[in-house]
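For reference, the structure is listed below as structure tokens.
For the numbers below, each heavy atom of this structure counts, side chains included, while hydrogens, waters and symmetry mates do not.
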Amino acid sequence: MFQHLEPYAGDPILSLNDEFQKDPRADKVNLSIGIYFDDKGRIPVLQCVRDAEAQMLAEGGAKPYLPIEGSGPMRQAVQHLLFGAEHGAVKAGRIATLQTVGSSGGLRVGADFIRRWLPGSAMWMSDPSWDNHRAMFEGAGIAVHTYPYYDPATGGVRFDALREAIAGLPARSIVLLHACCHNPTGVDLSREQWRELVPLLRQRELLPYLDLAYQGYGDGIAEDAYAVRLLADSGVSFFVANSFSKSMSVYGERAGALSVVCADAAEAELVLGQLKATVRRNYSSPAIHAAGIVSRVLADPKLRAAWEADVAAMRERIQAMRKSLHATLSAKRPGRDFGYFLSQRGMFSYTGLSAAQVDRLREQFGVYLIRSGRICVAGLNTGNVERTASAMAAVID
């Protein structure tokens with residue numbers, strides 16, 4: 001029955017992580033997978049999450065299926081987090097929000113919705129982007145293309161080329177954008193560039209699709225929602241998928257959401273209905289435990305304050321590792337400019353290393369990163385950053 005199946009090559013990041021786990025070297029360093037680790041190399045359990053779970057356990061009760069669209073309190077908390085509780089789009093009821101199975105689930109539900117209701121639309125994503133963006137949209141039957149983004153010569157954004165490409169897209173094209181902490185490069189659009197891009201998106205009648213998986217890891221929780229709120233202020237209809245995996249360190253809970261900003265409340269009701277139909281054909285309804293954690297942490301003033309402090313501490317630790325990596329590399333390879341490590345933001349950075357140099361790092365030094373040269377800066381700590389920088393200096397031409 002299944003002999004004709006092709007073997008699965010495996011996900012390049014998850015497969016590399018598996019290879020790391022099998023490596024017997026005690027001083028190995030994992031900079032491949034996008035997970036936040038503390039300075040002792042552990043995935044932290046935030047106290048606000050422990051407290052929220054304690055509340056849930058104390059309340060007890062049955063565990064029924066959630067509605068197709070997910071928990072009402074979580075969906076409201078997501079809207080307030082992304083847009084602000086007093087935003088006009090929130091008050092007018094023109095945002096359709098689903099609780100989803102992580103932001104990946106949100107991205108795919110949105111892709112299926114677009115394929116059904118905007119069947120002629122293709123998707124454009126940044127060059128480069130997270131590999132799974134292409135896989136999810138192509139898996140939904142949508143043609144995927146790229147627009148210029150990263151400039152390896154400067155370590156910045158090719159904004160003029162990006163703007164020119166966007167200006168030439170057909171109406172109703174989907175433009176996938178990283179709201180902050182671009183994965184994999186760590187290079188973000190500036191606020192000035194966002195303010196220049198948004199009117200162009202509106203003028204060309206394009207449909208932005210924002211991915212916001214790292215809120216709080218760039219400049220701050222509210223600050224990292226700048227692009228979301230700017231688009232909402234502009235009157236553009238758009239999608240935004242967001243995740244709490246990193247910011248609340250609840251990876252396996254698959255806590256995410258998908259919001260669609262519409263022209264008015266009547267349109268939002270139509271969109272929500274068809275999003276629910278899409279979910280019902282897929283996983284039927286999301287997880288009750290994830291909803292309880294997120295809604296409690298965001299709605300309880302004490303838990304919210306503790307969460308914001310935790311996110312700030314994680315962001316500051318990542319920034320400290322960037323500075324340490326930059327300082328050590330600069331000392332070992334004087335004359336080379338490693339300033340991009342300081343200007344890039346969030347969990348990831350493009351190192352500029354070739355695939356052959358990445359292979360040498362892994363084989364000779366036990367330092368694991370994906371072959372594009374992307375590193376997860378959150379995998380660095382005070383115990384391995386100097387050794388990692390020395391290994392990188394050794395392989396750089």
Test side-chain contact (heavy atoms from CB on, under 4.5 Å) on I174 and F238 and set out the steps. CA-CA 9 Å; I174 316 305; F238 67 98; over 6 Å; no

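- A salt bridge links R345 and D188; the closest N-O separation between the charged side-chain nitrogens and carboxylate oxygens is under 4.0 Å.
- Contact check on R50 versus E53 returns no salt bridge, with no Lys/Arg side-chain nitrogen under 4.0 Å from an Asp/Glu carboxylate oxygen.
- Within a 6.0 Å radius of CD in Q47, other residues, nucleotides and ligands contribute more than 12 heavy atoms.
- Each of Y214, Y217, Y150, Y36 was scored for a ring-ring contact (aromatic ring centres under 6.0 Å, His included) with F348, with one residue passing: Y214.
- How far CD1 of I318 is from NZ of K246: 11.0 Å, rounded to the nearest 0.5 Å.
- At a cut-off of 3.5 Å, with distance as the only test, no side-chain donor of N242 or S103 sits close to an acceptor on the other residue.
- A salt bridge does not link R317 to D38: none of the charged side-chain nitrogens sits closer than 4.0 Å to a carboxylate oxygen.
- Using modelled atom types, one side-chain atom of R322 and one backbone atom of G346 make a donor-acceptor pair closer than 3.5 Å.
- With hydrogens and angles ignored, the 3.5 Å screen pairs no side-chain donor or acceptor of D23 with any backbone N or O of G366.
- Electrostatic pairing of D27 and R25 does not count as a salt bridge here, judged by no charged N lying under 4.0 Å from a carboxylate O.
- Inter-residue side-chain proximity for V261 and L231 is flagged as unmet; no heavy-atom pair is nearer than 4.5 Å.
- Closest heavy-atom contact between V236 and S234: CG2-OG, 3.1 Å.
- Of the possible polar contacts, none joining the E267 side chain to the D264 backbone as a donor-acceptor pair under 3.5 Å is found.
- Counting heavy-atom neighbours within 6.0 Å of E138 CD, excluding the residue itself, gives a total above 12.
- No side-chain heavy atom of T97 sits less than 4.5 Å from a side-chain heavy atom of M74.
- With respect to the salt-bridge test (charged N to carboxylate O, under 4.0 angstrom), the residues D112 and R108 qualify.
- Side-chain N or O atoms of S249 include one that pairs as donor or acceptor with a backbone N or O of P44 at under 3.5 Å.
- Heavy atoms only, all atoms of each residue included: L325 and M392 are closest at CD1-SD, 4.0 Å.
- The SG atom of C180 lies 4.0 Å from the CG atom of D224; values are rounded to the nearest 0.5 Å.
- Remark: of the listed residues N30, L16, T388, V358, V358 is the sole one forming a side chain to side chain contact (heavy atoms under 4.5 Å, CB included) with L369.
- The backbone N or O of A257 lies less than 3.5 Å from a partner atom in the side chain of T100, making a donor-acceptor pair.
- Partner of M123 under the side chain to side chain contact (heavy atoms under 4.5 Å, CB included) criterion, out of T146, L176, L207: L176 alone.
- Formation of a donor-acceptor pair under 3.5 Å by the R304 side chain with backbone atoms of A299 is not found in this model.
- Panel note: side chain D127, backbone Y147; no donor-acceptor pair is recorded below 3.5 Å.
- Side-chain atoms of R163 do not come within 3.5 Å of backbone N or O of R158 as any donor-acceptor pair.
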Go through it in stages, so that I can follow the logic: the residues are Q55 and D51, the test is side chain to side chain donor-acceptor pair (under 3.5 Å), and I'd like the CA-CA distance, side-chain angles, deciding distance and then a yes or no. CA-CA 6 Å; Q55 290 178 13; D51 291 344; over 6 Å; no

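- Taking the side chain as every heavy atom from C-beta outward, L162 and L197 approach each other to under 4.5 Å.
- L303 contributes atom CG, which lies 9.5 Å from atom CG of L298 (distance to the nearest 0.5 angstrom).
- In terms of heavy-atom proximity, Q79 sits nearest to I95 at NE2-O, 3.2 Å.
- From F159, atom CZ reaches atom CH2 of W194 across 9.5 Å, with rounding to the nearest 0.5 Å.
- Here the closest heavy-atom approach between residue S247 and residue L46 is recorded as O-CD1, 3.7 Å.
- Side-chain atoms of S173 come within 3.5 Å of backbone atoms of P170 as a donor-acceptor pair (strictly under, hydrogens ignored).
- We find the CE-CE distance between M314 and M248 to be 9.5 Å, quoted to the nearest 0.5 Å.
- For the pair R75 (side chain) and L98 (backbone), a donor-acceptor distance under 3.5 Å is absent.
- Cation-pi geometry between R191 and Y226 is met: under 6.0 angstrom from the ring centre, within 45 degrees of the axis.
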Show, in sequence, the C-alpha distance, side-chain angles and deciding distance for R374 and T185, and conclude whether the side chain to side chain donor-acceptor pair (under 3.5 Å) test is met. CA-CA 7 Å; R374 186 204 81 174; T185 68; over 6 Å; no

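- In summary, R172 and E205 do not engage in a salt bridge, as defined by a charged side-chain N under 4.0 Å from a carboxylate O.
- Of all non-hydrogen atoms in G292 and M56, the two that sit nearest each other are C-SD, 3.7 Å.
- L210 is connected to V78 through a chain of hydrophobic side-chain contacts under 4.5 Å among Ile, Leu, Val, Met, Phe, Trp and Tyr, so both are in one cluster.
- Taking CZ of R280 as the start and OG1 of T278 as the end, the distance is 13.0 Å to the nearest 0.5 Å.
- Considering every non-hydrogen atom in both L206 and A171, the closest pair reads CD2-CA, 4.3 Å.
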Evaluate the side-chain contact (heavy atoms from CB on, under 4.5 Å) criterion for residues R204 and L169: first the C-alpha distance (whole Å), next the side-chain angles of each, then the deciding distance (0.1 Å), finally the verdict. CA-CA 8 Å; R204 296 295 305 164; L169 297 184; 5.7 Å; no

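- Shown here is Q193, whose CD atom has more than 12 heavy atoms of other residues, nucleotides or ligands within 6.0 Å.
- S243 has its side chain out of reach of Y251: every pair of non-hydrogen atoms, C-beta onward, lies at least 4.5 Å apart.
- Ring geometry, H182 versus H178: the interplanar angle falls from 30° to 60°, so the pair is classed tilted.
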Residue pair R296, E59: steps toward the salt bridge (charged side-chain N to carboxylate O under 4.0 Å, His left out) verdict: CA-CA 13 Å; R296 283 167 171 77; E59 290 172 7; 2.5 Å; yes

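- Taking the six-membered ring where the residue is Trp, F341 and F338 present parallel rings, their angle staying beneath 30° rather than reaching 60°.
- Note on ring orientation: taking the six-membered ring where Trp is involved, the planes of F137 and Y209 are perpendicular (angle over 60°, cut-offs 30° and 60°).
- Aromatic ring centres of Y350 and Y340: separated by at least 6.0 Å.
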Q99 and E69: CA distance, side-chain angles, deciding distance, side-chain contact (heavy atoms from CB on, under 4.5 Å) verdict: CA-CA 6 Å; Q99 176 194 345; E69 67 271 28; over 6 Å; no

Report the C-alpha distance between S284 and V279 in whole Å, list the side-chain angles of each, state the deciding distance to 0.1 Å, and finish with yes or no for side-chain contact (heavy atoms from CB on, under 4.5 Å). CA-CA 5 Å; S284 193; V279 169; 5.8 Å; no

Could you go through E19 and R362, starting from their C-alpha distance and side-chain angles, then the distance that decides it, and tell me whether this counts as salt bridge (charged side-chain N to carboxylate O under 4.0 Å, His left out)? CA-CA 10 Å; E19 186 178 341; R362 182 183 67 255; 3.5 Å; yes

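- Using the six-membered ring where Trp is involved, Y368 and F20 have ring planes that are perpendicular, over 60° apart on the 30 and 60° scheme.
- Proximity of E386 to S324: side-chain heavy atoms (C-beta onward) are nowhere separated by under 4.5 Å.
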